[in-house]
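Because the structure is a prediction, the values reported are computed rather than measured. In what follows, chains carry the letters A, B, and so on, assigned in the order in which the sequence lines appear, proteins first and then strands, with residues in each chain numbered from 1.
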Amino acid sequence: MTFPAPGSAPIRVRFAPSPTGIFHVGGARSALFNWATAKQQGGIFVLRIEDTDASRNQPEWVDGILSAMEALGITKADATFEGPYFQSENAGVQRAAAERLFADGKAYYCDCTRDVLVARTGNQQTGYDGFCRERGLEHAEGRALRFRTPDEGETHVVDLIRGNPVFPNSTLEDFVIARGDGSPVFLLANVVDDVDERITHVVRGEEHLPNTPKQQLLWEALGATPPVWAHLPVIVNEKRQKLSKRRDKVALEDYLADGILPAAMVNYLMLLGWAPGNDEEILPFEELIRRFRLEDVNSASAFFDIKKLTAFNGEYIRALPVDEFTAACDPWLHAPFAPWDEASYDPAVFAAVAPLAQTRVAVLSEITANVDFLFLDEPVVDEQSWNKAMKVGAAELLADVRAVLVDAAWEAETLKDTVTVVGEKHGLKLGKAQAPVRVAVTGRTVGLPLFESLELLGRERTLARVDAALARLAASAETAEGAETAGSAGVDAPASAG
RNA sequence: GCCCCCAUCGUCUAGUGGCCUAGGACGCCGCCCUCUCACGGCGGUAGCGCGGGUUCGAAUCCCGCUGGGGGUACCA
């Protein structure tokens, strides 16, 4: 029985991050899998902050964890949520457990330093050799407390994901459970807290698998019934190495800052190592929770594919009602993300283009590049686009377009017809004819539907931009001529007129 | 070194002995739609690491190999 029968005590899972400052996407997935298990089994999700290492302990980091979890939908407001507890606050219980283990003869004091051990064994990478096992050392400052592991037999562990791994006890060294200053070490503190919080299922990353036999031995030594374990596959980068803070982009907040919607992130993360079945992928959180089964989690490592994450995000963005999309974009429409002055920004104009932009952004941060020409005094001219669109004939075309724009009815459909007609005069289809206009006005060769954009920009600003483009075209034509007259062929014309 | 985990398209996965001529999604390619780009629609590309077994039958079970990964602290 891996899960309790109906009517028996509810399961209790936990998520136990150490506050390191960033909320890792791997941690996010662990939290999500724990949360899904608890919710779906009618159990409890305990949050425990493992703050025993002073160097990994800043009060504000805890707020970061809480808010990141909140963004993922794991909220204190839910009755499933319990905590947060702080590992440091349970130090007394952990020390008492260590003393009890010593009193019971299940642990002993040791004064071997690493250097002494290496010198004695002549082996740099050896585990502890048991030197102090029978020395009967009493507690004293500087002496570590070691757990006495069995010499024979094997430790069987129940793991929902890995089939049940077996560890020969002979390979388990007498590991330290309390430091020379009496403070408990992770292996012990973690178990004592789990026992204390009556955890029934430990769902965590695969990197903890080697700790499991040691911890299970500790559970037993403490007189508690060991939990059911579930070790999730590690999340890896393109080189198939565990995602690391150093080399990879792992902070959840960085993705949110790019404009990945929390719901998309949750959906994607849930699919890393697990699938809802039925060839379905994009599903609401509640549905994912409903279908989730720890037993169905894969055991092979999973690549964190930002492209697929982005694709999911695009789906979520497009599924948003326009007003929600508009609201979601808001942070990127102001300082420090927006390249325009706050005074130039017009929410009404943005609201008008939002539906056009919605299918064109995969991450929210892309929104500014789509609409910047509407709020900037002058468009940001992409030189590649300029060179591509402003070929021979462009100046003449632009001039003709300008002429009809002066008194055309300022409405998208009419503007389109106008440019179509001018284009025909030049033997160009609309697809070709619109290009110089687009670059003159928006600075780029690709973007939102042009005529709707012009309508929103207004006649005055549109004409000013066309004039500016015409001026630049004239200037570079002169330069080219001048260069010719001077006989200095091969000298490039200035790339930009301003 | 020692311990452990893992192995289906490039990637995430479905698949639990016959339903598999191996399904879906992302990516990529092509076509359609179209004022550009997207969106959308349609089509395509591509995979069971290798070798032995077991079985009437193996992607599915067993063993070995190879290849990846994780752990190995008085960090968590």
Side-chain angles (χ1 to χ4, degrees), chain A residues 16-20 50-53 55-56 87 110 112-114 123-128 142-146 159 161-163 165-168 170-173 175-187 189-190 205-213 231 233-234 236 238-242 268 271-282 296 298-312 314-315 318 356-362 370 385 389 412 415-416 419-420 423 429-435 437-439 442 444-452:
Chain A
S18 56
T20 56
E50 303 215 325
D51 56 351
T52 49
D53 180 359
S55 68
R56 298 192 190 183
Q87 184 157 74
C110 166
C112 301
T113 61
R114 185 75 207 167
N123 187 343
Q124 195 58 245
Q125 16 193 28
T126 183
Y128 186 62
R143 286 178 183 168
L145 188 61
R146 285 183 185 275
D159 191 304
I161 298 174
R162 318 247 144 212
V166 176
F167 302 83
S170 60
T171 64
L172 270 21
E173 63 175 317
F175 56 93
V176 171
I177 55 176
R179 303 186 183 85
D181 64 1
S183 64
V185 148
F186 163 75
L187 249 15
N190 186 264
E206 185 190 350
E207 63 271 22
H208 288 290
L209 193 51
N211 293 328
T212 310
H231 288 94
V234 288
V236 300
E238 62 289 332
K239 284 154 71 184
R240 299 247 126 218
Q241 294 163 320
K242 188 171 78 161
Y268 178 70
L271 263 48
L272 238 33
W274 175 74
N278 235 199
D279 286 342
E280 293 175 297
E281 291 193 325
I282 307 274
D296 294 338
N298 248 102
S299 36
S301 52
F303 171 57
F304 190 79
D305 188 352
I306 296 176
K307 278 190 173 171
K308 186 153 183 173
L309 203 211
T310 304
F312 270 37
E315 296 247 14
R318 276 171 253 129
L356 303 178
Q358 194 166 1
T359 59
R360 274 164 257 255
V361 296
N370 275 274
S385 293
L415 293 171
K416 179 179 173 184
V419 175
T420 304
K429 296 213 170 173
L430 184 54
K432 290 281 185 195
Q434 58 91 39
V437 184
R438 179 183 291 279
V439 172
T442 72
R444 300 186 190 87
T445 206
V446 300
L448 266 25
L450 181 61
F451 305 105
E452 284 80 353

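- Comparing C5(B) with A22(B), their P atoms are spaced 32 Å from each other, to the whole Å.
- Whole-Å rounding puts the Gln87(A) CD to C75(B) C1' distance at 12 Å.
- Of the nucleotides present, U72(B) is the one that pairs with G1(B) by Watson-Crick or G-U wobble criteria, both distances under 3.5 Å.
- One C1' atom belongs to G24(B), the other to C31(B), and the distance between them is 22 Å to the nearest Å.
- Atoms CD1 (Ile306(A)) and P (C12(B)) sit 14 Å apart, rounded to a whole Å.
- Between the P atom of A38(B) and the CZ atom of Arg444(A) lies a distance of 15 Å, rounded to the nearest Å.
- In this entry G43(B) has C29(B) as its Watson-Crick or G-U wobble partner, both defining distances falling under 3.5 Å.
- Taking a pair to require two hydrogen-bonding distances under 3.5 Å in either a Watson-Crick or a G-U wobble arrangement, A38(B) remains unpaired.
- The interatomic distance linking Leu172(A) (CG) with C2(B) (P) rounds to 17 Å, in whole Å.
- The separation between Ile282(A) atom CD1 and C39(B) atom P is 14 Å, rounded to whole Å.
- The shortest non-hydrogen separation linking Gln87(A) to Glu50(A) is NE2-OE2, 3.1 Å.
- Distance Arg114(A) CZ to C74(B) C1': 11 Å, rounded to the nearest Å.
- Every residue was checked against the salt bridge (Lys or Arg N to Asp or Glu O under 4.0 Å) condition with Glu452(A), not counting sequence neighbours, and none meets it.
- Side-chain N/O atoms of Thr359(A) include none lying less than 4.0 angstrom from OP1 or OP2 on G40(B).
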For nucleotides 18-20 of chain B, list the nitrogen or oxygen atoms of the protein found under 3.5 Å from its nitrogen or oxygen atoms, one pair per line.
none

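- To the nearest whole angstrom, the two C1' atoms, one in C62(B) and one in C74(B), are 44 Å apart.
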Q: Report, as a single string ordered 5' to 3', how protein heavy atoms within less than 4.0 Å touch nucleotides 25-33 of chain B: B base, S sugar-phosphate only, - not at all.
A: BSS------
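- Across all strands shown, U54(B) forms no Watson-Crick or G-U wobble pair with both key distances under 3.5 Å.
- Summarising the base pairing, C65(B) is matched to G49(B) through a Watson-Crick or G-U wobble pair whose two defining distances lie under 3.5 Å.
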Protein-nucleotides 34-37 of chain B N/O pairs under 3.5 Å:
unit_1 : atom_1 : unit_2    : atom_2 : d
C35(B) : OP1    : Lys416(A) : NZ     : 2.8
C35(B) : O2'    : Gln434(A) : NE2    : 3.3
C35(B) : O2     : Arg438(A) : NH2    : 3.4
C35(B) : N3     : Leu450(A) : N      : 3.3
C35(B) : N4     : Glu452(A) : OE1    : 2.9
U36(B) : O4'    : Gln434(A) : NE2    : 3.0
U36(B) : O2'    : Thr445(A) : O      : 3.1
U36(B) : N1     : Arg438(A) : NH2    : 3.3
U36(B) : O2     : Arg438(A) : NH1    : 3.4
U36(B) : O2     : Gly447(A) : N      : 2.7
U36(B) : O2     : Gly447(A) : O      : 3.1
U36(B) : N3     : Arg438(A) : NH2    : 3.2
U36(B) : N3     : Gly447(A) : O      : 2.5
U36(B) : O4     : Pro449(A) : N      : 3.1
C37(B) : O2     : Arg360(A) : NH1    : 2.8
C37(B) : O2     : Gly447(A) : O      : 3.4
C37(B) : N3     : Arg360(A) : NH1    : 2.1
C37(B) : N4     : Arg360(A) : NH1    : 3.4

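- Computed from coordinates, the Asn190(A) CG to A76(B) P distance equals 10 Å when rounded to whole Å.
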Q | Nucleotide-resolved protein contact map, nucleotides 65-72 of chain B, B/S/- at heavy-atom distance under 4.0 Å | A | ----SBS-
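- Here Asp181(A) pairs with Ser183(A) under the side chain to side chain donor-acceptor pair (under 3.5 Å) rule; sequence neighbours left out.
- Glu206(A) and His231(A) make their closest contact through CA-CB, 4.1 Å (heavy atoms, listed as atom of the first residue, atom of the second, distance).
- Counting to the nearest Å, the P atom of C74(B) and the CD1 atom of Ile177(A) are 13 Å from each other.
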